[in-house]
Amino acid sequence: MASSATSAPLQPSSVLSKDNDRPGRVVFDPSHLQNKTNIPKEYLWPLSERPDCLEELEAPVVDLKGFLQGDESSTRRAAEMVREACLTHGFFQVINHGINPSLFHDAMTNADQLFHLPLETKLKIERQPGNFWGYTGAHADRLSSKLPWKETLSFGYDDVGSKNGIVNYFVSSLGKDFESIGWVYERYFGAMKELSLKLLELLAISLGVDQEYFREYFKDGESVSRCNYYPPCQVPEAVLGTGPHNDPNGLTLLLQDQVGGLEVFSDGKWRAVKPEPDALVINVGDTFMGLTNGIYKSCLHRAVVNSEITRQSIVFFLCPRGDRVLRPPEALVSQENPRKYPDFTWSELLSFTQNSYRVDGETLQYFSQWLLSSKATE
Ligand SMILES: C=C1C[C@]23C[C@H]1CC[C@H]2[C@]1(C)CCC[C@@](C)(C(=O)O)[C@H]1[C@@H]3C(=O)O
Ligand SMILES: O=C(O)CCC(=O)C(=O)O
Ligand SMILES: [Fe+2]
């Protein structure tokens, strides 16, 4: 369960290569799998705790309107709400965030169309080892057991280095017909980057840190964006759409449809994050927990699937530039709260998480210990 320390090492990518040169390779074909009652062993997780009546996570729905308009008392109120949530579990939702609901709608419907393409077409844009761009079915390119019951399409979203990178990606990999889809995600993830920088200002205010501090830290980052598509499963309690994990990045901005399935392990129980129309779910990742010297919490979460209906989510993982050293501002370090983690860079943490996938919520702790012991033996 969540409290026991287990880690499932990822298979090196050289072990799993393209299905045509590795006949034993698992290929996630939802049209076939979603009707099966006999779930192939690669997808099985120890029977997950699925209470009949799942309690809801106590996570505030924060109205950003006043803050975005520069209104002081609304900003104070919003900062207090996010502070309380981040001191406890690091999850809150935002509404009136300034993003047009039609962009949410377009991002969801285009993902639906993309995941309905024939499997051969999706495999043409399969994610390659060491790269964050492309399609995966159940992450079978990197994992061989406890596979997530999902398809993903990811983009190494980078508004700094590559202008129109997502549009170019669609056109060069799937052809000119996909240009308009590329523009939808270019606009969507551009809006997510902008909003995430504003949220960092609100978080800085909530911590009494210079308003620009975190914004400056993340503004030239190499973020990752992803569409998740979770088909139904006839034995939903035997599989997980996304296994338990803490996000390694700074902040995560997640758009979920109204189906529900996102759960957070808080106060000893899995709790549902209730879908709110047109809201975004925001959560603190390990990098932000590190930057706040452990004051704001990143929390274990997972996505479950159901037996009836496909669920979709679209995620923006805000990350720093790879060589940025993660060090909290002085205001967050004191005698009572001394440094919790050593200095490290985002690329060090990212490669650790890519090689060792922990399901116990202790990644940052283990990473810090590993870093300190490996530096001591250098
Ligand atoms: C930098 C990243 C690695 C993952 C995608 C982004 C941010 C979160 C990571 C992830 C979601 C954590 C859970 C396991 C994972 C393999 C997944 O199920 O998708 C992770 C991502 C990944 O490596 O693709
Ligand atoms: O789809 C979801 O609700 C959660 C996905 C998630 O946690 C992730 O991709 O990191
Ligand atoms: Fe996550």
Side-chain angles (χ1 to χ4, degrees), residues 7-11 13 28 43 45 57 89-91 93 108 111 127-158 221-231 239-265 270 272-275 279-288 298-306 310-320 322 346-361 363-364:
S7 94
L10 297 182
Q11 290 275 358
S13 46
F28 187 72
Y43 301 96
W45 286 74
L57 181 76
H89 48 56
F91 274 78
Q93 305 208 43
M108 283 288 186
R127 181 170 77 179
Q128 296 303 307
N131 188 318
F132 269 114
W133 291 84
Y135 169 84
T136 69
H139 288 345
D141 54 331
R142 293 163 51 211
L143 305 169
S144 54
S145 63
K146 292 187 180 165
L147 300 182
W149 194 266
K150 69 175 171 183
E151 297 178 274
T152 66
L153 179 60
S154 308
F155 313 101
Y157 177 77
D158 176 1
E222 296 150 9
S223 297
V224 176
S225 307
R226 170 172 294 177
C227 303
N228 286 313
Y229 202 71
Y230 301 100
V239 306
L240 284 172
T242 297
H245 67 283
N246 286 41
D247 291 344
N249 50 295
L251 277 191
T252 302
L253 279 61
L254 175 133
L255 175 68
Q256 62 170 335
D257 62 17
Q258 298 303 298
V259 173
L262 173 60
E263 297 181 357
V264 177
F265 193 75
W270 285 107
V273 179
K274 184 173 162 256
L280 286 163
V281 179
I282 315 296
N283 71 276
V284 168
D286 281 346
T287 292
F288 200 70
S298 99
C299 193
L300 198 64
H301 57 284
R302 69 182 184 183
V304 301
V305 299
N306 68 79
T310 296
R311 171 172 179 263
Q312 275 183 253
S313 68
I314 303 187
V315 200
F316 178 72
F317 300 106
L318 179 74
C319 307
W346 163 242
S347 55
E348 286 173 309
L349 174 61
L350 181 60
S351 65
F352 181 85
T353 61
Q354 292 293 288
N355 290 316
S356 164
Y357 165 28
R358 301 194 64 86
V359 297
D360 60 359
T363 305
L364 196 53

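Below, each value reflects all heavy atoms present in this structure, side chains not excepted, and no hydrogens, waters or symmetry copies. For ligands, and for the atoms within them, numbers begin at 1 and follow the listed sequence.
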Between [X] and ligand 1, does any nitrogen or oxygen pair lie at a separation below 3.5 Å?
X: Trp346; result: no
X: Gln354; result: yes
X: His139; result: yes
X: Arg226; result: yes

Does [X] approach ligand 1 within less than 4.0 angstrom via side chain, backbone, both or neither, non-hydrogen atoms only?
X: His301; answer: neither
X: Lys150; answer: side chain
X: Leu350; answer: side chain
X: Pro148; answer: neither

Could you tell me whether Gln256 approaches ligand 2 through its side chain, its backbone, both or neither, with non-hydrogen atoms closer than 4.0 Å?
-> neither

Check each heavy atom of Leu254 against ligand 2 and say whether those closer than 4.0 Å belong to the side chain, the backbone, both or neither.
->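 Just the side chain.
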
Donor-acceptor pair, side chain of [X] and main chain of [Y], under 3.5 angstrom:
X: Gln93; Y: Lys274; result: yes
X: Thr287; Y: Pro248; result: yes
X: Asp257; Y: Gln312; result: yes
X: Trp149; Y: Tyr230; result: no
X: Asp247; Y: Asn249; result: no
X: Ser223; Y: Cys319; result: yes
X: His301; Y: His245; result: yes

Per-atom contacts, ligand 1 versus Arg142 - under 4.0 Å to a heavy atom = 22 (C), 23 (O), 24 (O)

May I ask you to list the atoms of ligand 2 that are less than 4.0 angstrom from any heavy atom of [X]?
X: Ser313; result: 1 (O), 2 (C)
X: Asn228; result: 1 (O), 5 (C), 9 (O)
X: Tyr230; result: 1 (O), 2 (C), 4 (C), 5 (C)

Does ligand 1 have any atom sitting under 4.0 Å from a heavy atom of Arg127?
->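 Yes, that is the case, since the closest heavy atom of the residue is under 4.0 Å from the ligand.
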
Contact with ligand 2 for His301, non-hydrogen, under 4.0 angstrom | yes

Rounded to 10°, how big is the angle at the Fe ion (ligand 3) from His301 NE2 to His245 NE2?
-> 90°

Nearest protein heavy-atom contact for atom 3 (O) of ligand 2: which residue, which atom, what distance?
->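 For atom 3 (O) of ligand 2, the nearest protein heavy atom is Arg311 NH2, 2.7 Å.
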
Among all protein non-hydrogen atoms, which one is nearest to atom 10 (O) of ligand 2, and what is the separation to 0.1 Å?
-> His245 NE2, 3.0 Å

Quick one: closest heavy-atom pair of Val284 and Leu251, and the distance?
-> CA-CD2, 4.2 Å

Atom of Asp247 nearest the Fe ion (ligand 3) (restricted to N/O/S, atom name only) | OD1

Test Asn246 against Ser298 for side chain to side chain donor-acceptor pair (under 3.5 Å), laying out the working first.
-> CA-CA 6 Å; Asn246 286 41; Ser298 99; 2.8 Å; yes

